[in-house]
Amino acid sequence: MTTKAPHGRVLLEVKDLAQHFGGLKAVDQVNLSIHEGEIVSVIGPNGAGKTTFFNVLTGVYPGTRGEILFNGRELRGMASHDIVAAGVARTFQNIRLFAHMTALENVMVGRHTRTAQFLLGPLLRSAAFRNEEKAIETAAKEHLEFVGLKALGNELAKNLPYGAQRKLEIARALASEPKLLILDEPTAGMNSTESQDLVALVRKVRERGVTVLLIEHQMRVVMDISDRVFVFDYGVKIAEGKPKEVVANARVIEAYLGKEGAQ
Amino acid sequence: MLIQQLVNALTLGAIYSLIALGYTLVYGILAMINFAHSEVLMLGAFMALGLAALLPAIFGTGVVGLVGMFILSMAGAGVINVLVERFAYRPLRHISRLAPLISAIGVSIILQNGVFLWISTQSLRFPEPVAIGQVPVFGATISTLQITILAAALILMGLLHFFVERTKLGKAMRACSDDIQTAGLMGINPDYIIALTFFIGGALGGAAGVLYGMNYGSIKYNLGFLPGAKAFTAAVLGGIGNIRGAVLGGFILGILEVLASGYIPNGAQWRDVIAFTVLIIVLLVRPSGLLGEKIAEKV
């Protein structure tokens with residue numbers, strides 16, 4: 001697979017970002033930038049601070065220090081829903097769909113920030129209200145079809161097979177029309193066929209002009225899909241580069257295998 | 001006789017259901033019991049009383065005046081509920097689970113005493129909104145008042161159903177009810193949806209207050225307590241947090257009460273005891289309520 005050097009303009013720039021919990025430096029001194037159109041992976045041992053990093057990016061945690069510049073705009077300190085409106089959407093390591101809603105409704109909720117609110121519209125049954133509801137449904141169906149779940153739209157999210165739930169999370173995130181899509185272990189618990197399927201989907205997402213940042217544990221997937229890789233250990237970014245460069249990096253091998261493994 | 005009793009039961013049940021919806025909507029999103037809800041329904045009835053004196057000059061008597069009074073009282077009760085949330089619950093939301101509960105009890109006492117001190121300590125006559133007639137149905141006579149109450153309640157439930165199932169904001173409400181943090185991460189402003197939920201719950205409570213006043217013909221500062229407690233129980237019976245459950249629980253409670261007072265000797269005195277005994281039995285068998293799922297752990 002081709003691994004291109006960073007191209008395009010900078011979409012996300014993280015400067016000296018830290019998230020401390022008391023004395024624990026879950027994320028510390030992280031500097032990195034992501035360019036438009038890239039697929040970038042974050043790897044690292046368990047507890048390296050990868051998910052915490054994603055949580056700071058999406059406003060779950062406030063961050064202790066540093067800047068998150070997205071399109072030149074500071075995201076740190078913004079509420080999660082405003083970050084979505086700014087163009088960052090995400091999925092979760094442990095699937096967090098709206099279990100009691102149908103697959104289609106989940107995606108429709110994802111469109112929330114991209115549509116107008118009509119409080120009295122339903123009562124007045126205004127044409128604008130009806131057109132808007134119709135447009136939400138049409139767009140949601142397109143996103144379901146994009147991830148290959150067109151036939152399952154009326155199923156409750158909790159009743160979908162596991163792999164479909166992962167894809168539904170992606171469809172729901174895409175429905176907000178993000179510029180940056182953040183995927184937290186999208187292939188967790190998948191067999192190799194399902195993983196390949198998901199890799200293909202992530203490429204399709206990039207073809208739509210969406211930049212992708214993902215946490216991934218399956219090294220085969222990382223090597224296959226990533227333009228660049230960031231390596232975290234103990235909350236700090238210890239390496240970055242093209243996949244082949246990173247796996248040859250002594251510090252990375254040390255982080256995964258310990259000092260003796262590295263020698 | 002049976003038909004007459006059934007209509008009485010449905011009328012009472014419809015009022016309980018409307019109140020129960022207010023408890024269940026709020027619980028569904030915040031996992032919190034809004035103990036001030038019974039006062040919101042009382043205030044709805046008092047606003048209707050005030051409007052009944054004012055509105056005929058504007059809208060005239062008859063249906064337009066009645067509908068105007070109804071809608072304005074609902075809106076007023078909704079706004080009060082939103083203010084209660086904004087100033088008494090929201091600042092405490094992240095402090096502890098118990099703090100908003102205590103705050104709710106405090107608000108309840110303040111509102112009740114406010115009406116007691118500033119408006120009236122006595123029962124006030126609630127005006128007949130329209131001339132009440134009797135309609136014969138299968139040998140029973142049913143008052144047009146009961147038909148009006150039942151119709152108004154069913155229309156409101158229908159509107160709520162449409163809103164929750166079919167509109168964008170209704171879906172956002174359900175999403176928040178499923179998982180409020182994830183809803184925020186999908187672009188929904190949780191504070192806005194919480195305020196909207198309090199508005200809708202309060203408006204339904206206000207409507208129930210007006211219907212309650214119409215049904216009994218008089219209102220008092222403490223009128224909210226008993227129907228509030230019963231409707232809360234109805235919401236738990238149906239499965240708190242579940243909208244259909246609140247409606248079902250309200251009607252079951254209404255039917256139990258009316259049947260108990262109609263068919264058991266001295267039943268009128270015993271009806272609350274009988275109704276609540278049945279509730280306890282149901283909860284022993286199904287702790288999560290009739291339509292409730294296992295109560296989800298909120299993380």
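Convention: sequence-line order gives letters A, B, ...; per-chain numbering from 1.
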Problem set entry | chain B contact via A:Thr58 - side chain, backbone, both or neither, heavy atoms under 4.5 Å | both

Exercise. Of the backbone (N, CA, C, O) and the side chain (C-beta and beyond), which part of A:Ala99 lies under 4.5 Å from a heavy atom of chain B, both, or neither?
Worked result: both

Exercise. Once you round to the nearest 0.5 Å, how far does CG of B:Leu169 lie from NE2 of A:His112?
Worked result: 6.0 Å

Exercise. For the atom pair CE (A:Met101) and CG (B:Asp179), what is the distance rounded to the nearest 0.5 Å?
Worked result: 12.0 Å

Exercise. With chain A, which of B:Gly184, B:Ala172, B:Pro190 has the greatest number of heavy-atom pairs at distances under 4.5 Å?
Worked result: B:Gly184

Seminar exercise, completed: Looking only at heavy atoms, the pair that brings B:Ile188 and A:His81 closest together is O-CB, 3.3 Å

For this session: Apply side-chain contact (heavy atoms from CB on, under 4.5 Å) to the pair A:Glu169 and B:Met186, showing each step before the final yes or no.
Result: CA-CA 10 Å; A:Glu169 272 206 326; B:Met186 295 303 130; over 6 Å; no

For this session: Might you point out which heavy atoms bring A:Phe98 and B:Asp178 nearest each other, and give the distance in Å?
Result: C-OD2, 2.8 Å

Exercise. Between the side chain of B:Lys168 and the main-chain N/O of A:Glu133, is any donor-acceptor distance below 3.5 Å?
Worked result: no

Problem set entry | side-chain contact (heavy atoms from CB on, under 4.5 Å) evaluation trace for A:Arg96 with B:Gln181 | CA-CA 10 Å; A:Arg96 283 166 64 173; B:Gln181 190 188 40; 2.8 Å; yes

For this session: Identify the two heavy atoms, one from B:Leu185 and one from A:Ser80, that lie closest to each other, and give their separation to 0.1 Å.
Result: CD2-OG, 3.5 Å

Exercise. Within the side chain of A:Glu105, is there an N or O that forms a donor-acceptor pair under 3.5 Å with the backbone of B:Lys171?
Worked result: no

